[in-house]
Amino acid sequence: MNLQHKIIRSLLSRVLSSVFVLLLLITFVFILVRLAPGDPTAKYISPKLSPDLAENVQKSFGLNEPIHKQFILFVSKTLTGDFGVSYNYRIPVLSVIKEYFLFTLIFSSISLAIQIIISFWLAKVSFNNQGKLFDKILTKLSIFNYSIPAFVIGLILIYIFSIKLNLLPTSGLNSIYDEDKNAWMIILDKLYHIILPLITISIAGISIFYKYLRDNLIVISNQTFVLNLKASGLNEKQIYKKHILPNAIQPLISVIGIEYGLLLGGALITEVIFALPGMGRLTINAIINRDFPLVIGCTLIAGVMVIVTNLIADLIKIKMDKRLVKDLIR
Amino acid sequence: MFGKIKIWHFSIFILSTILIIRFLHIINVFVLLFDLLKSLVSAKQNIFSLVGFNVVDHIISAILLIILMVLLLLSKNIKRILSYKLSLVSFAMVILAAAFLFAPIITMQNPEFQKDITVTKLLPPFSSVKYVELRKKNDNLNEIVYLKNRIDQIIPETFNNSIIYFDNYKVSDKFYYYQASSHNQIELNQLQLRNRKPIIESKLFLLGSDEYGRDVFTRIIYGSRISLVVGFGAVLVSFLLGISFAFFAAEKGGFVNLILSRVTDLFLAFPSIFLVVLILALFGSNIISVIVVLGFSGWMSLFKIAKSEIISIKNKEYYLSAKLLGLKNYKLLFNEILPVIIVPVMVNLIFQLSNVILAESALSFLGLGTGSNYPSWGSMIESGQRYISQSWWLIFTPAVVLVATLLSINEIGRKINKIINPTFE
């Protein structure tokens with residue numbers, strides 16, 4: 001079997017395992033919905049629905065069928081993207097989610113970019129100044145940051161920058177008077193509104209990535225191949241760029257993948273504090289309104305996001321290091 | 001930094017401080033307990049209807065305070081365990097434990113107590129409010145009414161009709177008092193008097209008051225209970241799940257092991273926060289469901305650690321001989337395995353504890369916490385959010401307490417970890 005075959009086989013098995021996880025997730029949600037107290041259809045029928053329609057919805061669950069058929073029905077509906085109709089918005093759940101997903105996509109992508117750039121820069125600086133004051137302070141801060149909940153950070157930022165200094169807006173995405181502005185002004189206005197949320201949501205990720213990367217850099221720079229390269233007379237920058245960094249990034253990629261998936265599922269707390277129109281706030285509002293189809297839809301989408309980004313992270317890892325193909329085949 | 005002071009010195013200091021400051025209250029509680037027992041023996045009427053959760057809470061705290069004091073002074077074992085030098089972390093932990101155990105004695109207030117909101121709402125820290133008490137009626141009492149009055153006097157309830165808070169007052173033929181914009185009057189003989197003048201007392205709001213005029217200090221002290229109960233409960237659930245799955249996987253090996261490991265990997269890769277939110281939305285959120293759900297979402301890392309440890313001692317002779325003796329599985333687990341692997345498991349559980357406390361506060365912040373009938377730090381921060389521009393203390397004080405708790409728990413975990421595995425970090 002040549003390398004090409006091996007790669008294809010490993011990719012296939014990786015994709016299959018993702019599909020398996022997805023099925024497991026759907027099964028889990030199915031079991032939860034059935035276990036929850038009360039009639040499962042009651043969670044999909046709002047009291048405002050007309051009796052005819054309610055009966056139709058009830059029939060669509062096939063509750064008279066045996067349980068395995070119900071399960072297959074649920075899985076096939078979920079896979080085709082039919083999550084039912086939201087009580088609150090009175091349109092299919094998927095179209096509600098689509099409206100909110102765009103914001104979350106942009107917001108989390110910017111946030112991830114910021115997290116990666118800043119943490120890589122900090123890790124590099126602190127790697128170059130090992131054991132010095134800057135390094136020590138950063139390491140302490142990154143540990144300290146584990147213990148500070150995101151909502152505390154967000155509220156402190158609001159208190160300092162919005163209330164005391166009156167520099168940045170506390171919530172929302174648009175200023176009140178934005179009718180007579182051109183597109184550029186609107187985009188700038190939106191950016192201005194998401195500065196504080198971006199800081200809030202990025203701080204946790206930055207400290208995690210920083211800690212990982214710094215420790216990895218130090219471990220790898222102490223290995224013998226680096227010593228060999230140094231002895232061969234390569235300059236330090238080249239060694240860092242071509243040999244230490246790629247090796248150190250390797251394990252970080254899956255962490256970044258999980259983080260991105262979590263962000264895409266919606267930053268529950270940040271979006272709630274800053275009243276942003278994203279997936280997280282949609283989920284929480286749906287819970288408050290007892291809009292169960294929407295809650296279940298949001299959870300499933302969030303799960304899918306994590307599964308997909310995990311898959312992508314693994315694919316990138318394989319692309320970077322062909323040796324990993326062997327690990328995956330096993 | 002504290003010189004030669006040890007943890008048990010500080011614990012005794014805290015206990016005796018509480019004992020001295022609240023001496024009268026504790027005596028009262030014991031007298032009440034005595035009265036209750038006496039009427040239980042005479043058993044004329046059912047007194048259990050009088051005894052609510054608050055009463056039991058007070059009595060247990062008072063008894064525990066005395067017992068702990070005696071134990072600390074007499075028992076050498078406890079002194080030996082607590083003979084480490086006092087650090088900032090253990091300082092915080094002792095205070096947290098005291099707040100958890102003796103909340104009713106320390107605060108002597110109900111966390112939900114509110115009266116005359118116009119006067120007491122949104123007070124800044126260290127402000128005090130003047131109040132007068134109404135005179136109590138002394139009718140000819142039967143035993144039950146007498147007991148009820150005693151309980152009302154000693155045990156603070158959520159509402160007390162006989163206290164009037166006011167901003168300003170004037171005494172002439174009647175007692176005139178001003179509350180915010182309204183002014184009222186009351187007959188002098190209805191008040192508690194000394195030398196024919198009403199007794200004006202003042203109540204200190206140490207950390208300010210919230211939008212309903214409830215004392216923030218009291219609520220923070222009581223809030224430690226939710227955090228710690230949910231924390232320890234969920235950690236216990238994770239511990240039982242993780243350790244029994246690990247034992248099962250290591251003992252059976254082969255297929256069972258493979259399946260369990262796969263499932264663990266899946267759960268580890270999956271964001272538990274969304275499932276937690278979904279489960280709480282579907283099943284309703286109360287303290288039990290929060291504990292169970294957080295416990296279920298945290299057993300995976302423990303499973304991994306415990307499994308590798310159990311596999312390594314599976315073939316040791318002492319274990320094999322215990323097994324051949326025919327010990328039951330749970331005895332094997334708790335008598336033979338657990339003492340050996342307790343240290344790495346403990347470290348994991350301590351980190352888990354801080355994760356759970358953080359998760360609980362986040363859930364309370366999102367309104368999915370343990371319900372509104374007991375204060376929790378997360379929900380205090382959540383409700384303070386609306387008053388952020390005028391009353392910083394509503395957010396700041398619970399947040400500081402929460403962060404300090406999390407920091408100290410993490411620090412303890414890190415210290416133990418450093419001892420058992422020095423290459424870490």
Side-chain angles (χ1 to χ4, degrees), chain A residues 17 20-21 24-25 28-29 32-33 35-38 40 43 139 143-144 146-156 158-159 162-164 170 211 215 254 257-259 261-262 265-266 268-269 272-273 280 283-284 286-288 290-292 295-296 298-303 305-307 310, chain B residues 262-263 265-285 293 351 354-355 357-368 377-378 381-382 384-385 388-390 392 394-396 398-400 402-411 413-414 423-425:
Chain A
S17 96
F20 177 66
V21 177
L24 208 80
L25 171 71
F28 197 60
V29 171
L32 281 180
V33 174
L35 276 183
K43 298 198 164 49
T139 312
I143 292 172
F144 186 68
Y146 279 124
S147 315
I148 305 183
F151 55 88
V152 172
I153 295 178
L155 290 175
I156 290 174
I158 287 183
Y159 186 71
S162 305
I163 290 166
K164 284 287 134 175
T170 53
K211 189 89 179 39
D215 293 354
S254 24
I258 291 177
E259 171 80 11
L262 274 175
L268 296 175
I269 287 171
V272 169
I273 293 178
T283 313
I284 295 298
I287 291 172
I288 291 168
R290 327 287 301 159
D291 192 346
F292 285 105
V295 177
I296 293 163
C298 287
T299 313
L300 281 170
I301 293 287
M305 286 304 138
V306 171
I307 293 168
N310 255 336
Chain B
R262 279 281 126 162
V263 170
D265 285 344
L266 292 184
F267 272 104
L268 267 180
F270 196 78
S272 49
I273 180 77
F274 291 103
L275 284 182
V276 167
V277 165
L278 176 67
I279 293 171
L280 290 181
L282 286 176
F283 289 81
S285 60
V293 165
F351 284 126
S354 101
N355 283 346
I357 290 179
L358 202 151
E360 188 274 328
S361 67
L363 285 177
S364 299
F365 183 81
L366 292 174
L368 290 169
W377 294 334
I381 296 173
E382 195 269 330
Q385 205 187 341
I388 188 168
S389 54
Q390 27 178 337
W392 51 268
L394 290 186
I395 292 171
F396 189 70
V400 165
L402 177 62
V403 170
T405 306
L406 294 174
L407 268 181
S408 349
I409 294 173
N410 276 336
E411 195 58 38
R414 208 168 296 123
T423 52
F424 184 76
E425 278 190 42

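To find a chain, count down the sequence lines: A is the first, B the second, and so on, and within it residues start at 1. In what follows, every heavy atom counts, from backbone to side chain, and hydrogens, waters and symmetry copies are set aside.
Here B:S285 pairs with nothing under the side chain to side chain donor-acceptor pair (under 3.5 Å) rule; sequence neighbours left out. By the side chain to side chain donor-acceptor pair (under 3.5 Å) test, A:S162 is found to be paired with no residue, residues two or more places apart in sequence or in another chain being considered.
In plain terms, the two heavy atoms of B:I381 and B:P398 that are nearest each other are CG1-CB, 3.8 Å. Taking every heavy atom of both residues into account, B:F365 and B:Q385 meet most closely at CZ-OE1, 3.6 Å. Annotation for A:G303 and A:L25: closest pair CA-CD2, 3.9 Å, computed over non-hydrogen atoms. Contact detail for B:L402 and A:F151: the closest heavy-atom pair is CD2-CZ, 4.0 Å.
Of the atoms belonging to A:F144, heavy atoms from both backbone and side chain fall under 4.5 Å from chain B. A:S17 does not touch chain B: none of its heavy atoms, backbone or side chain, sits under 4.5 Å away. For B:S361, the parts lying under 4.5 angstrom from a heavy atom of chain A are both the backbone and the side chain. Heavy atoms closer than 4.5 Å to chain A are found in the side chain of B:I395, but not in its backbone. Residue B:I357: no heavy atom, backbone or side chain, is found under 4.5 Å from chain A. Proximity to chain A (any heavy atom under 4.5 Å) is restricted, for B:L368, to the side chain, taken from C-beta onward.
Most heavy-atom pairs under 4.5 Å with chain B, from the set A:I148, A:I287, A:I284: that is A:I287. Looking only at heavy-atom pairs under 4.5 Å with chain B, the residue among A:L155, A:V272, A:I158, A:I156 that has the most is A:L155. Contact count against chain A (heavy-atom pairs under 4.5 Å) is highest for B:L407 among B:N410, B:V403, B:L407.
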